[in-house]
Amino acid sequence: MTVIDPERPAGWVAGGEVDPVAEEPEEMPLSLRLSIADTLTLGNATCGFMAVYFTTTGILIPHLTGSEETGMARHSAATAVILMLCAAIFDLFDGLVARKLRSSPMGAELDNLSDLISFGLAPAYFVLVYGMVADDAHQRVSAVAAIVVLLAVVMRLARFSVVTMKDGMFQGMPSPFGALTVVSIVLLELPFIPTLLAIVGTAWLMVSRVEYPKPRGVLAVAMLSWIVGAMGLLAAWAFDAPGGQLLLQTGCALQVVLGAVIPLFATARRVNTFRDNRRESREARAAQLP
């Protein structure tokens with residue numbers, strides 16, 4: 001029979017040795033620790049969810065209940081888009097932080113899931129609500145366009161996880177850029193058919209093989225400046241500042257133009273590279289001839 005001394009301290013072992021298991025708490029597995037980059041990624045997901053929230057409470061519900069508070073709808077639309085822009089900032093910085101510091105083994109999975117919320121669900125839901133509240137829109141067709149946007153982001157993120165690209169390049173339009181382009185198309189308030197075609201075209205670019213440069217260095221600074229400027233345009237529009245509507249439409253038009261021009265430059269570069277390779281091949285064969 002074992003006799004236990006009630007005055008013996010917990011964790012005491014005969015012979016003066018201390019049981020390390022009893023003294024040291026078990027450490028959390030490395031795969032479950034969140035890094036600073038992971039925290040930024042979770043901020044991305046939070047912004048995407050809140051964008052859906054403001055789109056619902058500020059645009060959809062007032063429309064369904066017959067409220068005439070157009071100012072609230074404008075503020076909510078601006079808030080939803082600003083939150084998507086904030087998600088893009090989080091997405092930009094979590095990659096930079098992960099490269100400078102460390103990233104947990106969950107980092108890549110968290111990034112894909114957060115991007116799906118902020119740049120897949122949020123813009124697709126924005127398109128769906130647009131089809132319900134716009135006067136000239138068709139709800140069912142808009143629902144199909146929203147599904148196309150969502151599936152394009154799902155496929156793009158899945159392909160990103162399995163396809164290895166050369167350093168510094170993306171294959172297909174990056175999902176943050178695609179989401180902001182889709183939202184810009186909606187905010188331009190074009191007729192329904194051109195809006196629908198532009199949204200589907202953007203979804204196609206996201207799953208295409210067109211190469212886009214990664215936002216690093218000067219390009220990252222330019223992208224951050226563009227996002228901050230877009231937030232200012234949205235705020236001016238939301239508070240009905242003089243010229244706010246024109247400024248917003250100008251910014252949205254520039255976003256759409258960038259979305260169309262970058263693939264043209266990428267295609268022209270690929271064509272020039274192909275021509276240069278063919279010319280070098282012909283010159284090499286000519287040099288080998290006697």
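The figures here come from the full heavy-atom set of this structure, side chains too, leaving out hydrogens, waters and symmetry mates. This structure is a prediction, so every number in the text was calculated from the model and none was measured.
T65 places a side-chain N or O within donor-acceptor distance of the main-chain N or O of P62, the cut-off being under 3.5 Å. Between the T195 side chain and the L190 main chain, a donor and an acceptor come within less than 3.5 Å of each other. The backbone N or O of Q171 lies less than 3.5 Å from a partner atom in the side chain of R159, making a donor-acceptor pair. A donor-acceptor pair is defined here as one N or O able to donate and one able to accept, closer than 3.5 Å; such a pair exists between the side chain of S208 and the backbone of L205.
Partners of F192 by ring-ring contact (aromatic ring centres under 6.0 Å, His included), not counting sequence neighbours, listed by chain and number: H138. Not counting sequence neighbours, H63 has no partner by the ring-ring contact (aromatic ring centres under 6.0 Å, His included) test.
The number of heavy atoms from other shown groups lying within 6.0 Å of CH2 (W226) is above 12.
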Inset, instruction - Carefully, step by step, assess D115 and N44 under the rule side-chain hydrogen bond (donor to acceptor under 3.5 Å, both in side chains). - result: CA-CA 7 Å; D115 287 354; N44 171 6; 2.9 Å; yes
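Inter-residue side-chain proximity for T41 and M106 is flagged as unmet; no heavy-atom pair is nearer than 4.5 Å. Between M206 and F170 the shortest side-chain heavy-atom distance does not fall below 4.5 Å.
With a 4.5 Å cut-off between side-chain heavy atoms of Ile, Leu, Val, Met, Phe, Trp and Tyr, the cluster of M155 takes in V207.
Residue V256 forms a side chain to side chain contact (heavy atoms under 4.5 Å, CB included) with just one option from L188, L180, V261, and that option is L188.
Here the two rings, on F239 and H75, have centers that are under 6.0 Å apart.
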